[in-house]
**Q** 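For reference, the structure I am asking about is given below.
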2 protein chains.
Amino acid sequence: MKVSRERAAENRERVLDVASRLFREKGIDGIGVANLMKEAGLTHGGFYGSFASKAALAAEACERAGEQSVRRWRRIIDGARERGEDPYVALVKAYLCVAHRDNPGRGCMFTTLAAEAPRQEPELREALNANLHGLLELLVEVAPGADTAAREARAQITLSTMVGALMLARTMPDAAQSENLLATARASLIAEHGGEVR
Amino acid sequence: MKVSRERAAENRERVLDVASRLFREKGIDGIGVANLMKEAGLTHGGFYGSFASKAALAAEACERAGEQSVRRWRRIIDGARERGEDPYVALVKAYLCVAHRDNPGRGCMFTTLAAEAPRQEPELREALNANLHGLLELLVEVAPGADTAAREARAQITLSTMVGALMLARTMPDAAQSENLLATARASLIAEHGGEVR
DNA sequence: ATTATCTATAGATCTATAGATAATGC
DNA sequence: ATTATCTATAGATCTATAGATAATGC
């Protein structure tokens, strides 16, 4: 049951897309090649025609997830500017929301894969590091602060707070408490806007 | 080769201690019962005399890690007060340091196990939630803020920032950048002390 | 006699590969 | 003829259990 070259390329893309979601949802050790391929509508053995190994797929899936993440942040920034809104506030609101908390498979890699990254291949760790610098760069562009140094510091702190708050919000079984934590972090980061706390 | 009842209890404790370290270092799926027992100086089969299952061990190891973490924070707070230092500042400095970054096996569970907790048994998730509330309680006690509500908010934000910053610091392969991020987060949280930013 | 621990193994799962199959693309 | 995908399987590893062993503790 061979398919056209074009269809084969589509299949490879679909495997990558499924992998980037399932690795975030279940962890890299939490999903096997066979089940991953089944989810993409293909069989186990076909995998090794498109990828050298599971580790190579994981690294490529993380690269892709990181690039998508940066593009998404870019769109949020541009969209906010077009509407005359503050892009920093828009980013914080988009990150610290219930939909992001409840969809780890499509969300920020740091909250789902950073803890296991040190045990993975260098290529995967590099993908995470590239994503980290990509997001920090965008944050420096929009973060409040008098000079570049202040904005760089603000970017690091904001990303740290957002990553931590999302993870803690996912830890809380009580929905009201979880939403309260998200709201508190959101309010605090947005209050920093303009460089002073009211 | 049977051992005394007392020695058997010691052995069980050692397995728990090894597990609480190795699970944090390698993830719960990252270390098997056989290797874990070998690390504790026992054989694979002996495990099931002390624990009902690997999942039961994981939950108990997390409970223990959480309790140790809370006791450690308590000691830092009490020690700082005895020396006339600010306990909030002492906690932030102890958490956001290079030694903690480089020793995930003995450090905060949220940075190592929170991402895989949703896929584990309810008992383990409950252990993480209990730890979260235990640490927040201590932070509310020492955090800056005019009233209880302000201190509760400050506690949630500080813990979020610390957890996120430690994870991002572990992601950076460049040691100088990583230490810079830790220092920035530390300075920012400590600057909040007293309730205002200078 | 009881029981903590050991050896050995069943059964499941996982990554990767070998060889077969059948449709594409020259 | 080439090649994308499939079936089948090798070899490793993992959890859990069964039965043996030997020291403890009545």
Side-chain angles (χ1 to χ4, degrees), chain A residues 1-62 113 116 119-124, chain B residues 1-62 113 116 119-124:
Chain A
M1 300 170 184
K2 197 194 164 192
V3 299
S4 72
R5 224 161 259 194
E6 194 187 3
R7 192 53 158 278
E10 278 174 32
N11 286 346
R12 189 180 193 281
E13 288 296 301
R14 198 166 59 255
V15 171
L16 265 173
D17 193 55
V18 164
S20 101
R21 176 171 56 83
L22 289 182
F23 286 150
R24 277 178 279 184
E25 283 175 5
K26 298 167 184 288
I28 295 181
D29 293 343
I31 178 84
V33 172
N35 282 328
L36 199 143
M37 289 296 277
K38 191 190 281 183
E39 193 87 3
L42 296 165
T43 57
H44 181 186
F47 175 79
Y48 293 90
S50 294
F51 300 95
S53 64
K54 187 189 179 185
L57 168 69
E60 199 170 337
C62 283
L113 296 177
E116 50 181 321
R119 311 184 289 265
Q120 303 294 328
E121 305 242 304
E123 287 77 11
L124 186 148
Chain B
M1 300 166 179
K2 198 195 162 187
V3 299
S4 72
R5 225 161 260 193
E6 194 185 5
R7 193 51 157 282
E10 276 174 34
N11 286 346
R12 188 180 194 280
E13 287 298 299
R14 197 167 59 258
V15 171
L16 264 173
D17 193 55
V18 165
S20 101
R21 176 171 56 83
L22 290 181
F23 285 149
R24 276 177 281 185
E25 282 175 5
K26 299 166 184 285
I28 296 183
D29 292 344
I31 178 81
V33 172
N35 283 328
L36 198 143
M37 288 296 276
K38 191 190 281 181
E39 193 87 3
L42 297 165
T43 56
H44 180 185
F47 175 80
Y48 293 90
S50 295
F51 299 95
S53 65
K54 186 189 180 187
L57 168 70
E60 199 170 336
C62 283
L113 295 178
E116 48 181 324
R119 308 183 290 266
Q120 302 294 328
E121 304 242 306
E123 286 77 11
L124 187 149

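Naming convention: chains lettered A, B, ... in sequence-line order (proteins, then strands); numbering from 1 in each chain.
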**Q** Identify the nucleotide, in any strand shown, that forms a Watson-Crick or G-U wobble pair with dT24(C), with both distances under 3.5 Å; if there is none, say none.
**A**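 With both distances under 3.5 Å, dT24(C) matches dA1(D).
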
**Q** dT5(D) C1' sits how many Å from E10(A) CD, rounded?
**A** 15 Å

**Q** Take the protein atom CZ of R12(B) and the nucleotide atom P of dT5(C), then report the distance between them rounded to whole Å.
**A**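 After rounding, the reported distance stands at 11 Å.
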
**Q** Should dG19(D) form a Watson-Crick or G-U wobble pair with both distances under 3.5 Å, which nucleotide is its partner?
**A**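 dG19(D) is paired, partner dC6(C).
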
**Q** What is the separation between atom CZ on F23(A) and atom C1' on dT15(C), rounded to the nearest whole Å?
**A** 12 Å

**Q** Expressed in angstrom and rounded to an integer, what is the separation of K38(B) atom NZ from dC6(C) atom C1'?
**A**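 So the two atoms are 15 Å apart, to the nearest Å.
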
**Q** Does the side chain of Y48(B) get closer than 4.0 angstrom to OP1 or OP2 of dT17(D) through an N or O atom?
**A** no

**Q** Just the rounded figure in Å: distance from C1' of dG25(D) to CD of E6(B).
**A** 14 Å

**Q** Side chain of K54(A): nearest nucleotide among dA16(C), dT7(D), dT5(C)?
**A**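 Out of dA16(C), dT7(D), dT5(C), the nucleotide with an atom closest to K54(A)'s side chain is dA16(C).
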
**Q** Using a 3.5 Å distance criterion without hydrogens, assess whether the side chain of K54(A) forms a donor-acceptor pair with backbone atoms of I28(A).
**A**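 Indeed, once roles are kept as given, a pair shorter than 3.5 Å links the two residues.
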
**Q** Of the options dT15(D), dA4(D), dC6(D), whose atoms approach the side-chain atoms of A8(A) most closely?
**A** dA4(D)

**Q** Starting from C1' on dC6(C), measure out to CZ on R7(B) and report it in whole angstrom.
**A**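 Value for this atom pair: 16 Å.
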
**Q** N35(B) side chain: which of dT5(C), dC14(D), dT15(D) is closest?
**A**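 That would be dC14(D).
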
**Q** Does D17(A) offer a backbone N or O that forms a donor-acceptor pair with the side chain of R21(A) under 3.5 Å?
**A** no

**Q** Respond yes when some side-chain nitrogen or oxygen of N11(A) is under 4.0 Å from OP1 or OP2 of dA4(D), and no when none is.
**A**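 The answer is no; no side-chain N or O of N11(A) sits under 4.0 Å from OP1 or OP2.
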
**Q** NA contact type, G32(A), heavy-atom cut-off 4.0 Å: base, sugar-phosphate, or nothing?
**A**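 Touches sugar-phosphate only.
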
**Q** Can a salt bridge be assigned to the pair R12(A) and E60(A) using a cut-off of 4.0 Å between side-chain N and carboxylate O?
**A**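 Salt bridge: yes.
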
**Q** For the pair made of CE in M37(B) and P in dT5(C), what is the distance, rounded to whole Å?
**A**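 That distance rounds to 8 Å.
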
**Q** Hey, are the side chains of L36(B) and L57(B) touching, using non-hydrogen atoms and a 4.5 Å cut-off?
**A** yes

**Q** By nearest nucleotide on DNA chain D, pick out whichever of R5(B) and S50(A) is the more 5' one.
**A**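 Result of the comparison: S50(A).
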
**Q** Evaluate the ring planes of F47(B) and F51(B), with Trp represented by its six-membered ring, and classify them as parallel (under 30°), tilted (30 to 60°) or perpendicular (over 60°).
**A** parallel

**Q** Can you measure F47(B) atom CZ to dT7(C) atom P for me and round it to whole angstrom units?
**A** 17 Å

